[in-house]
Amino acid sequence: TNSHGISFGTAGEIVSTSGDIHLTGTSGPGFGYGINSPRITSLGDNKETAAKITLIGIGNEQGGSGISMFSGSEDAPNISTVAGDVLLQGTAANGTGSSYMGIRMADAYVESKGLTKADAGSISIIGTGGDGVSNLVGVDIRASDSGIVSSAGDITISGTAGRGTGSQNYGVRIYDATLIRSTGMNSDAANIGVTGVSDSTWGVYLNSGRIEAAGPGQIEVTATGIGNGTTDDLFVTGESVLGGTTASGDMTLTLDSLGMQAPSVVQTSGDAVLQTRSAGTTVGLGSGVGGLSLDNAELALFDAGLNSLSIGSEAFPVSSVDLNSVALAAPLSINALGVTDQSGVDVSSPSTLTFGTVATPGAPLGQLQVDGDLVLASGNTLRLNVEGSLPSDGVTGHDQINLTGSLKIEPGSILDLNSSTGYLPAEDQQYVIIENEGAEPVEGIFAGLPEGAVIENFLGSPLNLSLIHISEPTRHD
């Protein structure tokens with residue numbers, strides 16, 4: 001039989017304006033929940049005095065689960081607040097069976113209705129699955145009527161899976177048209193954070209689930225999965241949405257691996273940032289190789305309306321990015337300590353490719369070929385190896401950037417020419433380090449290197465190197 005610590009009947013409800021509501025329940029023997037089917041409302045609209053809602057659900061030593069919510073909707077929410085903060089914390093116990101969940105929400109609805117940050121209740125949902133066999137989910141949210149919705153109060157969801165020998169032991173599982181949404185349309189809009197951890201499968205699993213923002217609310221997803229090279233930290237499939245058609249805030253996905261399947265979509269008019277969770281994780285784009293890899297089918301799921309798809313950030317660049325036959329509609333910004341590429345066109349985009357920290361074609365030498373526009377940002381260093389007189393993908397020659405669109409060199413962008421083999425140039429030797437087949441002249445100069453600038457004792461030789469721009473109708477090198 002089911003045995004719950006605290007269970008609300010069909011007409012059961014707790015309502016408060018200023019008195020805090022704190023319930024702690026521990027499940028009894030059998031398949032029970034510490035707290036089952038709560039109905040609680042906080043009416044207070046003043047942050048300092050509004051009733052806070054705290055629910056602590058604990059499984060028993062025989063494998064009970066934490067908190068279960070069901071039979072809610074937008075019209076009849078399970079938990080509703082205006083200004084009082086909401087904390088739902090469920091911890092499942094260990095057992096020999098399955099389905100020991102920290103928090104389980106099926107057709108359940110939680111809302112925060114405050115309209116400003118100063119007077120809106122936050123929503124925090126924290127779940128830990130118990131150890132057992134299968135379905136040991138930290139936080140499980142499912143079904144079309146399930147929603148976690150807030151205008152201004154931030155939403156935080158954190159789940160840690162239990163350990164088991166079976167399957168579906170997710171940190172956070174959001175599926176079957178579940179909606180997690182920031183409805184705010186101004187600077188007070190709620191931000192959404194989702195964190196999932198599992199040591200046996202995906203940390204966060206999104207299957208036809210929606211994590212959306214109607215306006216500038218920011219979305220952050222941090223996922224830690226098994227890390228075995230075949231199962232990703234975050235897996236997004238079905239008709240899942242990250243962001244939404246009217247989303248305008250930035251989105252950050254922090255992970256070491258990502259799997260995506262159509263018709264899922266990432267949408268925002270802000271930046272979508274892919275940040276590696278571990279400092280040494282490499283990134284591969286297109287057919288490139290990396291621990292965090294996105295092929296062109298996955299890149300196509302990032303909407304063309306993004307301000308940019310950013311790999312790493314200027315403050316936290318990724319260790320390296322490997323580019324190979326990358327094709328995407330959104331602008332691409334790369335912030336990496338190193339860049340490698342393969343032969344042929346490396347990036348093809350109707351938008352702009354931006355290097356924000358370091359651009360280093362080849363390993364050790366290469367030609368970075370861009371079918372489109374290129375920006376070398378103000379914080380970027382274009383680091384080129386010179387080991388010979390001709391551009392090369394081999395071990396002799398020199399690095400080169402080759403592009404078909406416009407080239408913008410922003411103020412402060414640095415050019416670094418070096419040799420790792422002791423190569424010494426010959427007199428009157430020319431090196432084409434940027435070959436631009438576009439119709440527009442190069443915009444900008446490298447820091448301290450105006451037209452005709454001289455680099456003395458080039459590569460340690462007694463010769464000087466002069467930098468010049470060649471501007472012709474069909475090339476601007």
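- The pair K47-D119 does not count as a salt bridge, with every side-chain nitrogen at least 4.0 angstrom from each carboxylate oxygen.
- Atom CD1 of I148 is separated from atom CZ of R181 by 14.0 Å, given to the nearest 0.5 angstrom.
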Please step through salt bridge (Lys or Arg N to Asp or Glu O under 4.0 Å) for the pair K52 and D85, ending with a clear verdict.
CA-CA 5 Å; K52 298 180 178 65; D85 292 338; 5.8 Å; no
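- With no hydrogens or angles considered, a side-chain donor-acceptor pair links S310 and S308 at under 3.5 Å.
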In sequence, state the C-alpha distance, the side-chain angles, and the governing distance for L306 and T268, and then conclude on side-chain contact (heavy atoms from CB on, under 4.5 Å).
CA-CA 5 Å; L306 296 178; T268 179; 3.5 Å; yes
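- In terms of modelled atom types and a separation under 3.5 Å, the side chain of N296 and the main chain of S325 share a donor-acceptor contact.
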Decide side-chain contact (heavy atoms from CB on, under 4.5 Å) for V432 and Q400; before the verdict, give the C-alpha distance in whole Å, the side-chain angles of both, and the deciding distance to 0.1 Å.
CA-CA 7 Å; V432 181; Q400 183 188 67; 3.8 Å; yes
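- In this structure, the side-chain hydrogen bond (donor to acceptor under 3.5 Å, both in side chains) partners of Q168, at least two apart in sequence or on a different chain, are R173.
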Could you please spell out the steps behind the side-chain contact (heavy atoms from CB on, under 4.5 Å) verdict for T201 and I226?
CA-CA 5 Å; T201 186; I226 187 173; 5.8 Å; no
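- In this structure, Y170 and Y205 have parallel ring planes: the angle between them is below the 30° cut-off, well short of the 60° mark.
- A side chain to side chain contact (heavy atoms under 4.5 Å, CB included) with E410 is found for exactly one of V375, L376, T354, N380, namely V375.
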Could you pull out all donor-acceptor pairs under 3.5 Å where a side-chain atom in residues 149-157 meets a protein atom, sequence neighbours excluded?
| unit_1 | atom_1 | unit_2 | atom_2 | d |
| --- | --- | --- | --- | --- |
| S150 | OG | G153 | N | 3.0 |
| S150 | OG | G153 | O | 2.5 |
| D154 | OD1 | K117 | NZ | 2.4 |
| D154 | OD1 | N191 | N | 2.9 |

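- Here the closest non-hydrogen pair linking V266 and M251 is CG1-SD, 3.7 Å.
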Take V318 and T281 through the side-chain contact (heavy atoms from CB on, under 4.5 Å) test and state the conclusion after the steps.
CA-CA 7 Å; V318 300; T281 299; over 6 Å; no
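- To the nearest 0.5 Å, atom CE of residue M101 and atom OG1 of residue T128 are 14.0 Å apart.
- Counting only N and O atoms by type, the side chains of Q369 and N402 include no donor and acceptor under 3.5 Å apart.
- Using a 4.5 Å cut-off on side-chain heavy atoms (C-beta onward), T254 and D233 make no contact.
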Could you go through S420 and E387, starting from their C-alpha distance and side-chain angles, then the distance that decides it, and tell me whether this counts as side chain to side chain donor-acceptor pair (under 3.5 Å)?
CA-CA 8 Å; S420 60; E387 314 295 354; 3.1 Å; yes
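- The aromatic rings of F235 and W202 lie parallel to each other, with less than 30° between the two planes, well short of the 60° mark.
- Proximity of I79 to E111: side-chain heavy atoms (C-beta onward) are nowhere separated by under 4.5 Å.
- Residues P263 and G238 come closest through the heavy atom pair CD-O, 3.3 Å.
- For the atom pair CG of L368 and CD1 of I401, the computed distance is 5.5 Å after rounding to the nearest 0.5 Å.
- Within the 3.5 Å criterion, the main-chain N or O of N457 finds a donor-acceptor partner in the side chain of N464.
- The heavy-atom pair separating A279 from S319 by the smallest distance is O-CB, 3.5 Å.
- A side-chain donor-acceptor contact under 3.5 Å links D250 to the backbone of D271.
- In this structure, T381 contributes its side chain and R383 its backbone to no donor-acceptor pair below 3.5 Å.
- Donor-acceptor pairing under 3.5 Å is lacking for the side chains of T237 and N207.
- Side-chain contact between Y423 and L459 is present, with at least one heavy-atom pair separated by less than 4.5 Å.
- With contacts defined as side-chain heavy-atom distances shorter than 4.5 Å, the pair I334/L353 qualifies.
- The CG atom of L415 lies 6.0 Å from the CG atom of L467; values are rounded to the nearest 0.5 Å.
- With hydrogens and angles ignored, the 3.5 Å screen pairs a side-chain donor or acceptor of N169 with a backbone N or O of L136.
- Side-chain contact between L234 and V221 is present, with heavy atoms from C-beta onward closer than 4.5 Å.
- Separation of atoms CD1 (I53) and OG (S124) is listed at 12.0 Å; rounding is to 0.5 Å.
- Using a 3.5 Å distance cut-off with no hydrogens or angles, the side chains of D256 and S278 do pair a donor with an acceptor.
- Put simply, the side chain of D373 never gets that close to the backbone of T352: no donor and acceptor are under 3.5 Å apart.
- A donor-acceptor pair shorter than 3.5 Å cannot be found between the side chains of R210 and S240.
- Checked by atom type and distance alone, the side chain of Q429 never pairs as donor or acceptor with a backbone atom of A426 at under 3.5 Å.
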Start with the C-alpha distance between D371 and T404, add both sets of side-chain angles, then the distance that settles side chain to side chain donor-acceptor pair (under 3.5 Å), and finish with yes or no.
CA-CA 5 Å; D371 184 9; T404 62; 2.9 Å; yes
Apply side chain to side chain donor-acceptor pair (under 3.5 Å) to the pair N335 and S313, showing each step before the final yes or no.
CA-CA 5 Å; N335 297 278; S313 64; over 6 Å; no
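- Atom CG of L309 and atom OG of S349 lie 10.0 Å apart (nearest 0.5 Å).
- At distances below 3.5 Å, at least one donor-acceptor pair connects side-chain atoms of T178 with backbone N or O atoms of I141.
- For the residue pair P216 and S187, the shortest heavy atom distance occurs at CG-N, 4.5 Å.
- When the options L242, L294, L332, V265 are evaluated for a side chain to side chain contact (heavy atoms under 4.5 Å, CB included) with F302, the one that passes is L294.
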